[in-house]
Amino acid sequence: MSDFTSNFWSVYVAGITIAGIVGCLALLWFSGLSHPSAASGGSTGHVWDGDLREMNNPLPRWWVWMFIITIVFSVVYLILYPGLGSFKGVHPGLGTTKGTGGWTEVAQFEEEVAEGNAQIAPLYARFASMSIQQLSKDADAMKVGDRLFMNNCAQCHASDAKGGPSYPNLTTGHWNWGGAPDKIVETITQGRTGVMPPQAAVIGTPDDISNVANYVLSLSGTQHNAAKAAQGKEKFEAICAACHGPDGKGNQLLGSRDLTAKSWFLGRQDEAHVTAMVNGGYMGVMPTWEGKFTPEQIRVLAAYVWGKSNGGPAS
Ligand code: HEC
Ligand code: HEC
């Protein structure tokens, strides 16, 4: 209850609980009060349809006992368990009901987590002795990897890991940040931020930009204007090559894209797209997972991703 800023719900629930028990007691007491009078033969005196008399008989024994047992049970329960919450809001002198049994929700949760961890510990101990390559062929590891991926990565990279516009496809064997197992571990652990700053000011006029864009398209053999491309080559090599490499194949230290690839990561491959990149720049962020996952879980995830383009069972 300490997570709530007000004690309203505590008092509300406690009120209903206590009122319920008191109500049950009152009902029991009232039903015991009204004894059928012998003179009327147990009848209340109400008669319908000529001969249908309403009786006032005592409640059946079993029913009364069930009532008593219910009340005793709830009182015992409230003594053993923290059923009434905190009363600090009513009066600071009043505390939080704890229950003599010592049970708390947090303790139960922690116990269950510890139990779960103990169950999978031998599994991860086995994984620890395996390489990423071996893990990617291990059915148990890939089952765990699949679950982790579906729950944490699929919303961006899609459930088949093929990505979509602005989210990289992880199955092509083509990597912006490196596809060696330790590079993938690094990507997942630290996250990655790819920054392409706007370049329009350095390139010059819109014509210059159009020329560079056509040169870029020529690198992947995409439809382009050859005359313009020839004019754009020089500016590309002077400016863009610093990050994308002289051949346009990209630089995995910066996460810059391979512009010679047949299919681009942002999902479009035409002059308008290149021009937009040059004018506006772009920043792609892959979140960091350190702290959210244990290093062992990250190794399993890396193996799952690595296997997608290296013949793992998951590919
Ligand atoms: C400072 C480094 C840097 C420079 C200079 C640079 N880029 Fe980039 N570029 C990047 C990075 C990093 C990305 C990937 C951004 C991301 O999505 O994370 C990128 C992405 C791109 C893309 C997107 C490709 C795709 O997959 O859709 C294009 C097109 C591009 N750059 C063209 C150019 C051109 C043309 C120039 C020169 C005018 C240039 N870049 C200069 C770093 C650079
Ligand atoms: C919020 C969206 C998002 C989520 C969630 C996400 N990613 Fe990414 N991921 C990205 C983006 C965007 C990039 C590209 C970053 C860039 O270079 O611009 C990326 C890049 C990557 C890369 C690098 C690919 C390369 O070409 O080098 C790997 C590997 C990767 N993600 C794996 C994962 C895994 C595994 C998970 C789940 C634990 C995950 N991602 C969750 C958005 C996401």
Side-chain angles (χ1 to χ4, degrees), residues 145-158 161 163-181 183-204 208-220 222 232-245 248 250-290 292-293 297-306 308-309:
D146 190 60
R147 203 156 47 231
L148 289 174
F149 191 89
M150 292 309 155
N151 289 336
N152 299 281
C153 320
Q155 71 267 39
C156 289
H157 292 286
S166 48
Y167 296 110
N169 182 338
L170 303 175
T171 68
T172 58
H174 187 99
W175 302 92
N176 296 316
W177 298 95
K183 284 289 162 199
I184 300 176
V185 168
E186 194 178 297
T187 296
I188 301 171
T189 308
Q190 302 173 356
R192 301 285 193 189
T193 304
V195 182
M196 155 108 179
Q199 302 291 316
V202 256
I203 297 283
D208 292 328
I209 295 173
S210 172
N211 292 343
V212 171
N214 277 283
Y215 178 72
V216 167
L217 293 172
S218 76
L219 293 173
S220 55
T222 313
K233 185 171 193 281
E234 197 186 319
K235 291 246 171 177
F236 182 91
E237 283 169 352
I239 296 158
C240 316
C243 293
H244 290 279
N251 179 342
Q252 292 185 341
L253 293 176
L254 301 168
S256 63
R257 308 299 172 203
D258 177 357
L259 301 172
T260 69
K262 283 277 168 258
S263 134
W264 284 1
F265 147 85
L266 290 173
R268 289 177 51 198
Q269 203 155 356
D270 52 28
E271 186 174 334
H273 173 52
V274 185
T275 308
M277 286 296 296
V278 174
N279 286 329
Y282 192 84
M283 189 167 102
V285 178
M286 156 73 183
T288 152
W289 297 91
E290 195 169 20
K292 163 119 201 215
F293 294 133
Q297 286 174 314
I298 289 180
R299 285 184 78 241
V300 169
L301 266 171
Y304 181 81
V305 169
W306 186 85
K308 289 280 178 191
S309 53

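Order of appearance sets the numbers: ligands from 1, and atoms from 1 within every ligand. Everything numeric in this text was worked out from a predicted model, so none of it was measured.
- Which parts of ligand 2 touch Thr187 is read off a 4.0 Å heavy-atom cut-off, strictly below it: atoms 22 (C), 23 (C), 28 (C), 29 (C).
- When each atom of ligand 1 is checked for a heavy atom of Leu254 under 4.0 Å away, the hits are 12 (C).
- Atom 8 (Fe) of ligand 1 has Met196 among its coordinating residues (N/O/S atom, backbone or side chain, under 2.8 Å).
- Here Trp175 pairs with nothing under the ring-ring contact (aromatic ring centres under 6.0 Å, His included) rule; sequence neighbours left out.
- In this structure, the separation between CD on Gln199 and CG on Asp208 is 13.5 Å, given to the nearest 0.5 Å.
- Of all atoms in ligand 1, listed by their number and element, those nearer than 4.0 Å to a heavy atom of Ile203 are 38 (C).
- Listed here is the closest heavy atom pair of Ser309 and Gly173: CB-N, 3.4 Å.
- Set against the non-hydrogen atoms of Tyr282, the atoms of ligand 1 under 4.0 Å away are 16 (C), 17 (O).
- Proximity annotation for atom 3 (C) of ligand 2: of Ser256, Ala154, Cys156, Cys156 comes nearest, heavy atoms only.
- Checked by distance only, ligand 1 and Gly194 come closer than 3.5 Å through their nitrogen or oxygen atoms.
- At a cut-off of 2.8 Å, Cys153 does not coordinate atom 8 (Fe) of ligand 2 through any N, O or S atom.
- Contact between Lys308 and ligand 2 is absent, with no heavy atom of the residue lying under 4.0 Å from the ligand.
- Atoms of ligand 2 found under 4.0 Å from any heavy atom of Pro168, numbered from 1 in the order shown, are 11 (C), 13 (C), 14 (C), 19 (C), 20 (C).
- For Leu170, every heavy-atom contact with ligand 2 shorter than 4.0 Å involves the side chain, none the backbone.
- Atoms CG and CD1, from Leu301 and Ile188 in turn, are 5.0 Å apart once rounded to the nearest 0.5 Å.
- Heavy-atom contacts of Ile188 reach the following atoms of ligand 2: 35 (C) (cutoff under 4.0 Å).
- Residue-ligand proximity, Ile239 to ligand 1, at heavy-atom distances under 4.0 Å covers atoms 5 (C).
- In this structure, Ala242 falls outside the shell of residues with a heavy atom less than 4.0 angstrom from ligand 1.
- The aromatic rings of His157 and Tyr167 sit perpendicular, their planes meeting at an angle over 60°, well past the 30° parallel limit.
- Residue Thr193 does not touch ligand 1, judged by heavy-atom distances below 4.0 Å.
- Contact between Leu259 and ligand 1 is present, with at least one heavy atom of the residue lying under 4.0 Å from the ligand.
- Listed by number with element, the atoms of ligand 2 under 4.0 angstrom from any heavy atom of Asn176 are 25 (C), 26 (O), 27 (O).
- Atoms CD1 and NZ, on Ile184 and Lys308 in that order, are 12.5 Å from each other to the nearest 0.5 Å.
- Under 4.0 angstrom from ligand 2, the non-hydrogen atoms of Trp289 all belong to its side chain.
- A distance of 11.0 Å separates CD in Gln190 from CE in Met286, rounded to the nearest 0.5 Å.
- Between atom 21 (C) of ligand 2 and the options Met283, Lys292, Met286, the minimum heavy-atom separation is to Met286.
- What you find for Pro198 and Asn279 is that their closest heavy atoms are CB-O, 3.4 Å.
- Only the side chain of Arg257 comes within contact range of ligand 2, with a heavy atom under 4.0 Å; no backbone atom does.
- Under the ring pair (Phe, Tyr, Trp, His ring centres under 6.0 Å) rule, Phe149 has a single partner from Trp289, Tyr304, Phe293, which is Tyr304.
- Against a heavy-atom cut-off of under 4.0 Å, Val195 is close to the following atoms of ligand 1: 11 (C), 12 (C), 42 (C).
- Close to ligand 2: Ser166, with a non-hydrogen atom less than 4.0 angstrom away.
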Contacts table for residues 234-242: side-chain donor-acceptor under 3.5 angstrom, sequence neighbours left out:
unit_1, atom_1, unit_2, atom_2, d
Lys235, NZ, Ile203, O, 2.7
Glu237, OE2, Lys233, NZ, 2.9

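- Within ligand 1, counting atoms from 1 as listed, the ones closer than 4.0 Å to a heavy atom of Cys243 are 1 (C), 2 (C), 3 (C), 4 (C), 5 (C), 42 (C), 43 (C).
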* Asked: Yes or no on side chain to side chain contact (heavy atoms under 4.5 Å, CB included) for Gln269 and Thr222, after CA distance, side-chain angles and deciding distance?
  -> CA-CA 8 Å; Gln269 203 155 356; Thr222 313; 3.5 Å; yes
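- Separating the CD1 atom in Ile209 from the CD atom in Glu271 is a distance of 10.0 Å, to the nearest 0.5 Å.
- Interface of Val216 with ligand 1, defined as ligand atoms under 4.0 Å from a residue heavy atom, comprises 35 (C).
- Looking only at distances, a side-chain donor or acceptor of Thr288 sits under 3.5 Å from a matching main-chain atom of Thr189.
- In this comparison of Gly284, Gly250, Cys240, the heavy atom closest to atom 36 (C) of ligand 1 sits on Cys240.
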* **Chi angles and distances behind the side chain to side chain contact (heavy atoms under 4.5 Å, CB included) call for Met196, His244** => CA-CA 10 Å; Met196 155 108 179; His244 290 279; 4.0 Å; yes
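- Here Ala213 has no heavy atoms under 4.0 Å from ligand 1, in either its backbone or its side chain.
- When every heavy atom of Ser256 is checked against every heavy atom of Asn251, the shortest pair comes out as OG-N, 2.9 Å.
- Distances from atom 8 (Fe) of ligand 1 show that His244 has an N/O/S atom below 2.8 Å.
- Distance check: Leu254 CG to Arg192 CZ gives 11.0 Å after rounding to the nearest 0.5 Å.
- Using a 4.0 Å cut-off to heavy atoms of Leu301, the atoms of ligand 2 that qualify are 38 (C).
- Residue contact check for ligand 1: His273 places a non-hydrogen atom closer than 4.0 Å to it.
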